[in-house]
Amino acid sequence: MFDAEQRQIEEKINAFCAANGLPEAVLQWKWIPFSGHWGISIAFFQLAALEARQGKKIQVNQRAQELASQISDHLGIPVGFEKLEAVNGYLNLYFDPAVYARRVIDTAIEQGTGFGRGADRGERVMVEFSQPNTHKAFHVGHLRSAILGDGLSRLLAFAGYDVIRANYPGDIGLHVIKWLWCYRNYHAGEKPDKDITRWMGSIYAEASRRLEEAPELEAEIRELYARWDRRESEIVDLWKETRDWSLDGFKEIYSRLDIPFDRYYFNSEEEQSGKVLVNDLIARGIASDERPDGAVVVKLDNLLGLKNDKYRVLVVLRSDGTALYATEDLSLARRKFTDYPDLAKSYYVVDVRQSLHFQQVFKTLEIAGYEWANRCQHIPYELVTLPGNVVMASREGTVVLLEDLITEATDRAYEVVKLKNPDLTEAQKRAVARAVGIGAIKYPMLARENTKLVTFDWETALDFNGQAAPYIQYAFVRGGSILRKGGVEPAESVSPAFELTAAELELIDLLARLPNEVQRAAGELRPLWMATYAYDLARAFNDFYTQCPVLQVEEPVRSFRLRLVMATRQALANSLALLGITAPQAM
RNA sequence: GCCCCUGUAGCUCAAUGGACAGAGCACCGGACUUCUAAUCCGAUGGUUGUGAGUUCGAGUCUCACCAGGGGCGCCA
């Protein structure tokens, strides 16, 4: 937000260096880390070290302090700053609160929902996430890709990218045929009840159970798969109908979670074109056809002339000529760039176990000469497991259904709101419970490193206290409450000609950071940073709330604080929206 | 055997190569006649797995080791 000022100071420092025969300084702005202070700083260790490397006899720390001090003298106090000081090799510039408080607050209020939003980059990216298997349950293990992908999409869009949100359901495969087999034999003619996904999942579990008890029935499954493969209309029709049931169920879940998609790709649609693509690879000598004794493989390390195992071997077609995931992934990657030739990036939010797989697929495409291959990027995340490192598996029945988690979370939130705010109407209570319950589920998925394992347990997942979504939502609600009583009409912009309290400084400081944080988080593909930012902002506001009365204070402080509340509430709303968490009107 | 990830307070996790490693939970002690206490304040709690290296400076980068998890030709 203070780019212009920063650039001016940088220019002056560079001019100083040039005039004094110093190497060109590497200037990196940081926030002054002391709380209660408000400004930016530059360290001069690098410049001093650069000099030392040029052969000058220098004590780096001492020289850094010397430089900071000299440059401090040279700069004087720049416009808009209150003071500057050279400490421990750092040059600290403290903003003039009167100037900057006003600017930050005015900007946030004026820009409204656009506050923190990056300028349009004119770049289109695709985020593929949440690849659920149809005909199976949707459980808590599937939650991370959905929430992470959604958060990432929202972040990139807010940062200025044109984002295409893609889903890639696994709508064909052995699991689907198993389901169809079980349905035809034991549930023919049945229709799903209103809890579609649970019902679909239960039939799948039943199929697994029956096959375990009588493995000889596998032959029936294989035969059924062959009939699907021949596109027998009876089987294909049933497959399509039941697949749509599953998809309807998923859409209901996505809608409850507020996770939309722009584009659906289907596993089944990539099968044929995948086989064609593989044939092309064979013809060009990239894939080796070892049939009938072996499969069709791409020997990546051989092709690349690598001595050590790195990319190993990718199987692109089974020996019986049927497709596997790799076949379809090759085709899908190409389809995305056919649909959107201008994609600057094609992201895949898929769990970490498939890291090698994606490296192989992307490398194969690169070898095949697709120039966009290096624009594909896998974003791995760790699994959500049950205590004791038990992986959730529909087959094993070790799952917590998403449906159950959502219901439990919203029920608990409902109990709390009934207690805290009994005057709300029933509809309002339900709305609050939904916002809080869903938020509580989403936040912990976003607020940790992708590479860290999540162990699911009910107590933690339903904890509304501390660093969690309800805390942030509550801060938003409190802000709204003040504004409702203090007059929603924005007061005139106020330049504080009075001393600001530490709580106000801290809050304004955080407000000012939002645009930077958005760009930083988007640049590193880390919704985590926005999750922590939103929490920090909420904490600063709660702190302000307890320390600084707004409505009962005299003018002009009252107007100033009212506007500060307005600005903060906007920043909280934008941050929550960025995380895909609803900001409720009351709690 | 090769490769990847993780290791930070009792627990769950943060931390742009920079200034005193921060939060939450739990535990202990306080604050509702006030703009909503789903809040706030205070106390306790650390040889950042171990050892070396790079650097003016390392939780962060490199290497080795230890511990846990994952991946490695026809599963998805």
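Convention: sequence-line order gives letters A, B, ...; per-chain numbering from 1. Quick note: numbers below take in every heavy atom, side chains included, and nothing from hydrogens, waters or symmetry partners. Quick caveat, the model's predicted, so the values are computed rather than measured.
Of all nucleotides present, only B/C11 satisfies the Watson-Crick or G-U wobble test against B/G24, with each distance under 3.5 Å.
At a cut-off of 3.5 angstrom, counting only N and O atoms as typed in the model, there is no donor on one side facing an acceptor on the other between the side-chain of A/Asn542 and the base of B/A37. With hydrogens and angles ignored, a donor-acceptor pair closer than 3.5 Å exists between the side chain of A/Ser41 and the base of B/A19. Under 3.5 Å, the side chain of A/Ser355 and the base of B/C4 form no donor-acceptor pair of N or O atoms.
When distances are taken from the side chain of A/Thr451 to each of B/C56, B/U36, B/U6, the shortest belongs to B/U6. The side chain of A/Tyr325 approaches B/A76 more closely than any other nucleotide in the set B/C74, B/A76, B/U36. Side-chain atoms of A/Tyr474 lie closest to B/A38 of the nucleotides B/A38, B/G73, B/C35.
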Tabulate atom names and distances for all N/O pairs under 3.5 angstrom spanning the protein and nucleotides 68-71 of chain B.
residue : atom : partner  : partner atom : Å
B/G69   : O3'  : A/Asn389 : ND2          : 3.4

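At whole-Å resolution of the value, CZ in A/Arg412 and P in B/A38 are 18 Å apart.
A/Arg291 and A/Asp289 are joined by a salt bridge, as a carboxylate oxygen and a charged side-chain nitrogen come within less than 4.0 angstrom of each other. The residues A/Arg561 and A/Glu555 are annotated as not salt-bridged, no charged nitrogen and carboxylate oxygen being separated by less than 4.0 angstrom. With respect to A/Arg520 and A/Glu517, a salt bridge is recorded, a charged nitrogen being found less than 4.0 Å from a carboxylate O. Looking at A/Glu415 and A/Arg412, no side-chain N of the basic residue comes within less than 4.0 Å of a carboxylate O on the acidic one, giving no salt bridge.
The shortest distance between the side-chain N/O atoms of A/Tyr381 and the OP1/OP2 oxygens of B/C5 is not below 4.0 Å. Residue A/Arg318 has a polar side-chain atom (N or O) positioned under 4.0 Å from OP1 or OP2 of B/A76. Listed pair A/Arg291 / B/C74 fails the phosphate criterion, with no side-chain N or O lying under 4.0 Å from OP1 or OP2. The side chain of A/Trp529 places no N or O atom within less than 4.0 Å of a non-bridging phosphate oxygen (OP1 or OP2) of B/A14.
In B/G49 the O4'-C1'-N dihedral to the base is more than 90° from 0, which defines an anti nucleotide. Look at B/C72: its glycosidic torsion is beyond 90° from 0, and that puts it in the anti range.
Of the two residues near RNA chain B, A/Val313 and A/Arg526, the one whose nearest nucleotide lies more 5' is A/Arg526.
Using modelled atom types, one side-chain atom of A/Arg318 and one backbone atom of A/Ala323 make a donor-acceptor pair closer than 3.5 Å. In this structure a side-chain-to-backbone donor-acceptor pair under 3.5 Å is present from A/Thr532 to A/Leu528.
With a 4.5 Å cut-off on side-chain heavy atoms, A/Leu405 and A/Leu462 count as touching.
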